[in-house]
4 protein chains.
Amino acid sequence: MERTSVRPLGVAVIGAGYWGPNLVRNFLAFPGADLRWVCDLDLDRAGRVIGRRSTVGTTDSLDEVLQDPEVEAVAVATPVATHAEITLACLDAGRHVLVEKPLALSVAEGEKLVARAAELGLVLMCDHTYCFTPAVRRIRELIRDGTLGDIRYFDSVRINLGVIRDDIDVFWDLAPHDLSILDFILPEGCSPVAVAAQGADPIGAGHPCVGYLTLLLPGGGIAHIHVNWLSPTKTRTTMVGGSRRILVWDDLNPAQRLSLYDSGVELNGRSGDDARRDILVSYRVGDMVAPALVEREALGAVVEEFVSAIDEGRPAVTDGPSGLLILKILEAASRSLTERGAAVPLETVEAAYLAIASTRLRRRGARESS
Amino acid sequence: MERTSVRPLGVAVIGAGYWGPNLVRNFLAFPGADLRWVCDLDLDRAGRVIGRRSTVGTTDSLDEVLQDPEVEAVAVATPVATHAEITLACLDAGRHVLVEKPLALSVAEGEKLVARAAELGLVLMCDHTYCFTPAVRRIRELIRDGTLGDIRYFDSVRINLGVIRDDIDVFWDLAPHDLSILDFILPEGCSPVAVAAQGADPIGAGHPCVGYLTLLLPGGGIAHIHVNWLSPTKTRTTMVGGSRRILVWDDLNPAQRLSLYDSGVELNGRSGDDARRDILVSYRVGDMVAPALVEREALGAVVEEFVSAIDEGRPAVTDGPSGLLILKILEAASRSLTERGAAVPLETVEAAYLAIASTRLRRRGARESS
Amino acid sequence: MERTSVRPLGVAVIGAGYWGPNLVRNFLAFPGADLRWVCDLDLDRAGRVIGRRSTVGTTDSLDEVLQDPEVEAVAVATPVATHAEITLACLDAGRHVLVEKPLALSVAEGEKLVARAAELGLVLMCDHTYCFTPAVRRIRELIRDGTLGDIRYFDSVRINLGVIRDDIDVFWDLAPHDLSILDFILPEGCSPVAVAAQGADPIGAGHPCVGYLTLLLPGGGIAHIHVNWLSPTKTRTTMVGGSRRILVWDDLNPAQRLSLYDSGVELNGRSGDDARRDILVSYRVGDMVAPALVEREALGAVVEEFVSAIDEGRPAVTDGPSGLLILKILEAASRSLTERGAAVPLETVEAAYLAIASTRLRRRGARESS
Amino acid sequence: MERTSVRPLGVAVIGAGYWGPNLVRNFLAFPGADLRWVCDLDLDRAGRVIGRRSTVGTTDSLDEVLQDPEVEAVAVATPVATHAEITLACLDAGRHVLVEKPLALSVAEGEKLVARAAELGLVLMCDHTYCFTPAVRRIRELIRDGTLGDIRYFDSVRINLGVIRDDIDVFWDLAPHDLSILDFILPEGCSPVAVAAQGADPIGAGHPCVGYLTLLLPGGGIAHIHVNWLSPTKTRTTMVGGSRRILVWDDLNPAQRLSLYDSGVELNGRSGDDARRDILVSYRVGDMVAPALVEREALGAVVEEFVSAIDEGRPAVTDGPSGLLILKILEAASRSLTERGAAVPLETVEAAYLAIASTRLRRRGARESS
């Protein structure tokens, strides 16, 4: 029996560390959700997150959360190493799950989660928050509607003085942001075909703290990502070079996050076989346009998409397979690191996508007892 | 017989295209030089460069220049493909030479020039202009005096909407700037040990227009250079990460080109073999200092160094071997491109350095008839 | 009888419009406060502010709030025109009050509030939020400890595309920020001695939408404030020029809010009467230092100071008289506008300060029944 | 008899100090001019400006320059106090004159120059360099073609650590730039109607070093100019607020000097007398456009305009009356300073304009012997 859309979705947040409080705040602010539990091994921390005058429950037991029949969906914001186990437990208990990035620590783990969610007809969504920012949504539109033309290059810099993590390296920590954005904005059929990585650990952390990732795109394009925990300055700048226009996204400049350049390069080909050798070039240099964006907290849109996907029985926009794609790229990057940075071919994950896309998910409220 | 230092050095500039006029202006402004000729295949262009009321000679014949016994030194600012031939002709005619970057189109050519200059006791200087900017000089000092500590990473971005060259790719066009800077500032014994490159030609120019160069440094450090002809925005930013301080050089911000961050990262090692796995990190976050720089046009200092080296019978600061090192890196990068970006080992060029450094150059005025 | 410090202070927030939700969030997050009520004429709005799972009460009746004996302090975030009446009602009911800026619509109203609070021994605090930012606190220190030297000029630009208010003009809306900062950082005895204002209403709003305020400081210094509702770009930049150093505060640059310039100007005086006519000037141009700041939400510090002042029976840092000073400057500015911008002398308000400073406030918990 | 346009105009530059060398360089580079003399009381300085291999003459005698019959026009870049005397001498000798800003030290002097030039049919041009920048030319177009709509406000900030001049105060030194720009871009009939000034001399220089100038425009608009010799940072930012669009010009950002905001403010008027009291406001927030500008050195265009005006026997774009207008504003500002900053009415100078505009100037080459 379907639940009416009036009743908000009962949810729980697992993990009250760095990101959990943001999930809590957004679930509390969204009328379509009813936050019932915050779960953390540190009960005090859970308590501080919900504050003094709250009726949200706190617990250090995942079981207690999963025993609450009103909880239909769970958001997992725990350390990466625990993503797979906790997510699997929630899925097995018939709950839809929103997981922080990266989805898991390996492709094998990720595949298990994606398969299990598909099997049970549950929504498995990755919290690829940047895909829900007004800026990235607009970039996707500008590519889809042909404004940029064919994508020639993508260059992203995501650097700052960050916490040196001991569980994952800088690629696994920061690159999922850029990889999820790239996956989200690129048109279908443009998935990277190979990955190369160069990294350094100049401080003796045990794994790369400075990393450069190169993705070869079909048709000669290139995507490059610089991730760095050691930079004293914070940079969040992405260029998307198209055949018609070039876009620069500076996420730290709220007054002008997006700049769209009309200027570009055209090769005036000549007839004859030697056209390439004696090339003539013409430049168009035109106005720059900074499109207006309506600011909105991205995580609010994540929460809304999660609930909507569940309500509508459809995969979320940033579903399990999109998280799995990132794991495949990261694993290939790790392999490239062991091969002096040589590019490693990527199998397409589109087969997995298609399988999922055709899955008919459970409608909300149709959960069986676990 | 030595010439007195009172009499200015007779010089000629070959090539009146993009860079030649800057050489002309700086030689005219420097009291120690006497510009006698501007030579270009296009005589009108040569004439426009010197202007209406000038007594500098113009010619389209290199021979005419070299037949002027008052010309003791030549600056070569012609297309790269002609560097080797023209430079060799000048050296053979007993003239000291200042060459634009890159020194030549191949290591083989470059070696020939370096050897010939050494043999004849002539100054062969590469116009690595950036090494003569107040910013780069200061960076070198900050490394030499230990302010930065051990160099952990170097990251340079040199991108803008540039002229798509048909004679050389974007690596050979733009990376010499960053490679010469890197060579200039790194302490001895820190030369890169391997090079990897990734590039793309998304516009069908026939060679890479977007390039990423990774240099592995001894001791686990990394240097990375992004060069790009297709970016609509201009960026000239270099980070130099040291164990004690991190420096950011933004060459497009004249009010604050250099920023020195006291903040950094320290790993608090623990005893025991598993120190790395369970790592503790402490951050120092301190004030930032932007050192005062006295602005000066770098090319003026290049001209001064060229004349001084000739006067003093010593190799110039950016001598032939430093240009040769760059050719070796560029050739290795080209090889890496054919090997899917795998890192290619670099032989040290220090042997060549030592040979040159011990060469006793001719003192000025000691030229024999050619 | 004194209340133990363990028990948090019962508070209510009046007004759930633009600023109210920020007060609510900060009172909820501060362990020393217990938010009991949110009061707004629009009950739904009050409800949305506290959210679904909250036990904070909502009401549209100020009386209901004041009848709750647990409520010891009230924060007033209502339209400016109602500040005086609501604040007076709260004071009369024996409650400490935190009021948004400006304190009231006139000096007369403000004086009544200050007098009433003093009479009843209650804390009357103005929410001059900027005085509690890490940046302004640091500026104050840098002036107090002599780093800047004597203050020569102050220049503040606070412009953006703002809501055109119909109750107050742009001076009364935006300048209280800068005036409160100026009052907070200037050393004692440096209060402005005269005020001049120029304004324009080029859109027919009925009062100035663009305003320039000049304050003459004792000793020849000058302070200038540009406030503007019509600027498409947002600027929040303040320069504080001292005899020894000059500070630039750019509040929109979180990576470098404060920049301290060592460079300055020295007049090398000559003996004789005509020293001024034939002046010699020497410049010191030195490094720039950007002091590290620990980021903290200012409103959290406001809330903490409010509760601390009540606990300790002392005037708050930004107490009633500091709000009154701003009203005096704003009234003088309004008068200047009617006099073609001629400077209007300011009486000192220090007498009022002294009277208050010596007031012994009621200790917390010592409220009599209202 | 008219001179053919083929033969370049013989010119001399008087003054080889700060600005003179720039004039020399631009006259040498312009094919339509033939620089014959550089005149400076310091002959060595004149010599250094023209350099070693030049046939330009140097002299310390203005008479020698004026005795050269080939010199038809003179550019005056001497200290302000000498502008009037030197310019008058040149005019009296039948030469066209280009004068640095400000035209003279008083309105009386300026009127004499303007009258004398008109009488003799000579071009008297003020070097209002900024009016010849691509940015200001574009701004003028954007106003003329209605893109901006009616001009509501103009706000200019021109501050940096400048040389403290002893001959003129900061208003007379820096404000002529902004006043000439304002005069150049404003449509006819929009000249300021009153001027108010506030200044400070916190370092004891003997005249204001920090200044704020307010100009009241017809129709309720306002223009404001901040000039400052004591700021450690350099700012060159001008906002031009129109009823349809708002333009921001940041002259220190070559990548984006002009930004045109589509966003603005509309008052939705209501019928009835109290429309103003209960105002409703709607905002349009749209895209921003940064128009492409072709970079060109402004002084080159000044030189070209000077020669063209002489060739065509017409007043230059920035002619004597436009320099006179600036003197009138500066004198009114000085008067305002003595009246506590109250606005001083400005007589219109348009009558003077009209008189000049109708003057038929001598055609080039028609000079009588002096």
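In what follows, every chain begins at residue 1, and chains take the letters A, B, ... in the order their sequences are listed. Note that the structure is a prediction, hence the values are computed from the model and not measured.
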Of all of B/Ser54, B/Gly51, B/Ala255, B/Pro254, which one pairs up most often with chain D through heavy atoms under 4.5 Å apart?
B/Ser54

Checking D/Arg52 side chain against B/Pro31 main chain: does a donor-acceptor pair fall under 3.5 Å?
yes

Which atoms of B/Leu35 come close to chain D, meaning under 4.5 Å heavy atom to heavy atom: side chain ones, backbone ones, both, or neither?
backbone

To the nearest 0.5 angstrom, please state how far the CD1 atom of D/Ile50 sits from the CG atom of B/Leu28.
11.5 Å

Please rank B/Leu252, B/Asn253, B/Val56 by heavy-atom pairs under 4.5 Å with chain D and give me the top one.
B/Val56

What closest approach, in Å, do D/Asp34 and B/Arg53 show between heavy atoms, and which atom pair accounts for it?
OD1-NE, 2.8 Å

With only heavy atoms counted, which part of D/Phe27 is less than 4.5 Å from chain B, the side chain, the backbone, both or neither?
neither

